[in-house]
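Here is the structure we will look at.
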Amino acid sequence: MKPYRTALLASLVLAGGAALTGLAPAAQAQTFDPCSAANQGRLRYTTGSASHVVFAISSSFDSNHVVVTECAKQGNAWKRVSVTTGRAGTGAFARPGAKREGDGATPTGSFTLTEAFGLGNPGTKLKYRTLRSSGDCWGATPGKSHYNEYYSDPCRSTDEDLSAIAQRGPYHQAVVINYNRPNAKPGLGSAIFFHVGGITPTGGCVSIRESRLRAVMRTLVPNDRMIMGPRSALFRS
């Protein structure tokens, strides 16, 4: 969804595999470790064939403040790699199956990551598209061609102009979250990305500061996953 202009948010970095520092007050209540919870069998969603999982976890369906944690598979266990703070949509999180085009909400669930785009590849192994100064578009109009997919042409006014948004900052780097794709169903939502930002809400995406996003992107390979939503919706007690 079209992101609001974003800026730097104080981030949280994992030091020595244990210490958590730099948490904003809204995030201090979520020192919860999703990697450990997944190892305990508490995760409600599949990790599929992922070797890395990025969790974006809020305190409730009504909150768009998220803690973004990357977990890497080591043997049969998940190990926490990094943690930072970020933002989700203006409509916070949609309940599973309730996401709709234009509602400003971020979908809840587990989604594969297979491609990315931006101003230049930061070193990701995902399929990467370098955006031009104009002509890079993403379909966001239900019932029109290229719904929830990239196309190259003059962008319709009701679609996303990736080139223009990249020049403003949010799409300096972005990972496509495979919500409602491939084979998108019209009206269920489009253009859900993991992109640059971190301080203001998005139009339905997840955003963190650029340096952290670039670091995460360098670790990702096709079919890694983003699992996002409120803690209670993602994990059993």
Side-chain angles (χ1 to χ4, degrees), residues 9-89 92-96 99 105-114 126 175 177-179 192-195 197-198 202 204-209 212-221 223-237:
L9 178 65
S11 68
L12 167 136
V13 179
L14 184 67
L20 304 178
T21 61
L23 268 173
Q28 288 177 358
Q30 284 207 55
T31 54
F32 167 74
D33 180 3
C35 313
S36 294
N39 291 335
Q40 296 163 9
R42 294 164 55 194
L43 181 62
R44 298 180 189 273
Y45 287 89
T46 182
T47 59
S49 61
S51 58
H52 293 82
V53 172
V54 181
F55 289 96
I57 304 175
S58 69
S59 60
S60 71
F61 282 107
D62 297 325
S63 175
N64 57 38
H65 290 268
V66 293
V67 175
V68 178
T69 305
E70 181 184 2
C71 306
K73 196 70 173 288
Q74 294 191 354
N76 293 320
W78 294 101
K79 181 179 180 181
R80 188 167 51 184
V81 175
S82 66
V83 188
T84 191
T85 49
R87 297 301 290 270
F93 278 95
R95 293 182 181 275
K99 168 67 183 170
T106 301
T108 295
S110 175
F111 310 103
T112 57
L113 307 172
T114 53
L126 300 176
V175 178
I177 299 171
N178 287 325
Y179 165 76
I192 305 299
F193 305 134
F194 181 32
H195 65 70
T202 71
C205 302
V206 172
S207 70
I208 60 175
R209 65 187 177 100
R212 290 305 314 142
L213 178 59
R214 293 171 70 93
V216 172
M217 289 175 70
R218 285 193 288 270
T219 71
L220 297 177
V221 299
N223 293 312
D224 282 346
R225 285 191 176 249
M226 170 74 81
I227 300 179
M228 54 194 191
R231 176 176 166 181
S232 62
L234 301 184
F235 293 91
R236 303 176 186 88
S237 299

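- Atom CZ of R95 is surrounded by 12 or fewer heavy atoms from other residues, nucleotides or ligands within 6.0 Å.
- Checking side-chain atoms of K99 against main-chain N and O of A105 turns up a donor-acceptor pair under 3.5 Å.
- Cation-pi check for R44 over F235 is not met; the charged atom does not lie both under 6.0 angstrom from the ring centroid and within 45 degrees of its normal.
- Formation of a donor-acceptor pair under 3.5 Å by the T219 side chain with backbone atoms of V216 is found in this model.
- For the residue pair S82 and R212, a side-chain donor N or O sits within less than 3.5 Å of a side-chain acceptor on the partner.
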Next item on the list: Start with the C-alpha gap between T47 and W78, add the side-chain angles, then the distance that decides, and say whether side-chain contact (heavy atoms from CB on, under 4.5 Å) holds.
Entry: CA-CA 11 Å; T47 59; W78 294 101; 3.7 Å; yes

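- A search for side-chain contact (heavy atoms from CB on, under 4.5 Å) contacts involving S36 returns D33, Q40, not counting sequence neighbours.
- The heavy-atom pair separating A233 from Y45 by the smallest distance is O-CE1, 3.6 Å.
- Judged purely by atom type and a 3.5 angstrom limit, R209 has no side-chain atom pairing as donor or acceptor with the backbone of G198.
- Side chains of T114 and N178: a donor-acceptor N/O pair is present below 3.5 angstrom, by distance only.
- Of all the heavy atoms in A88 and T106, the pair that sits closest is CB-OG1, 3.5 Å.
- For N223 (side chain) and S49 (main-chain N/O), no donor-acceptor pair under 3.5 Å exists by modelled atom type.
- By the 4.5 Å heavy-atom criterion applied to side chains, V175 and L126 are counted as neighbours.
- In this structure, F93 has its ring center no closer than 6.0 Å to that of F61.
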Note to self: Let's go through V68 and T85 carefully: what are the C-alpha distance in whole Å and the side-chain angles of both, what is the deciding distance for side-chain contact (heavy atoms from CB on, under 4.5 Å) to 0.1 Å, and is it a yes or a no?
What the structure shows: CA-CA 6 Å; V68 178; T85 49; over 6 Å; no

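- Every side-chain hydrogen bond (donor to acceptor under 3.5 Å, both in side chains) that S110 has, sequence neighbours left out, goes to R225.
- Between atom CE of residue M217 and atom CG of residue L113 there is a gap of 10.0 Å, rounded to the nearest 0.5 Å.
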Margin query: Working note: T202 + H195, criterion side-chain contact (heavy atoms from CB on, under 4.5 Å); need CA distance, chi angles, decisive distance, verdict.
Written below: CA-CA 9 Å; T202 71; H195 65 70; 3.9 Å; yes

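- In this structure, H65 and R87 have side chains that are in contact, with non-hydrogen atoms separated by less than 4.5 Å.
- Here the closest heavy-atom approach between residue M226 and residue A56 is recorded as SD-CB, 4.1 Å.
- Using a 4.5 Å heavy-atom cutoff, the side chains of I227 and L43 are in contact.
- When all heavy atoms of S58 and S60 are compared, the pair lying nearest together is OG-O, 2.8 Å.
- Here S51 pairs with D224 under the side-chain hydrogen bond (donor to acceptor under 3.5 Å, both in side chains) rule; sequence neighbours left out.
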Item checked: side-chain contact (heavy atoms from CB on, under 4.5 Å) evaluation trace for F194 with I208 -> CA-CA 8 Å; F194 181 32; I208 60 175; 3.6 Å; yes

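- Among the candidates I57, V66, V206, T108, the single residue satisfying the side-chain contact (heavy atoms from CB on, under 4.5 Å) test with M228 is V206.
- K79 NZ to Q74 CD: the interatomic distance, rounded to the nearest 0.5 Å, is 5.0 Å.
- How far CZ of F32 is from CZ of F55: 8.0 Å, rounded to the nearest 0.5 Å.
- Taking 4.5 Å as the limit, every side-chain heavy atom of P34 sits out of range of all side-chain heavy atoms of L234.
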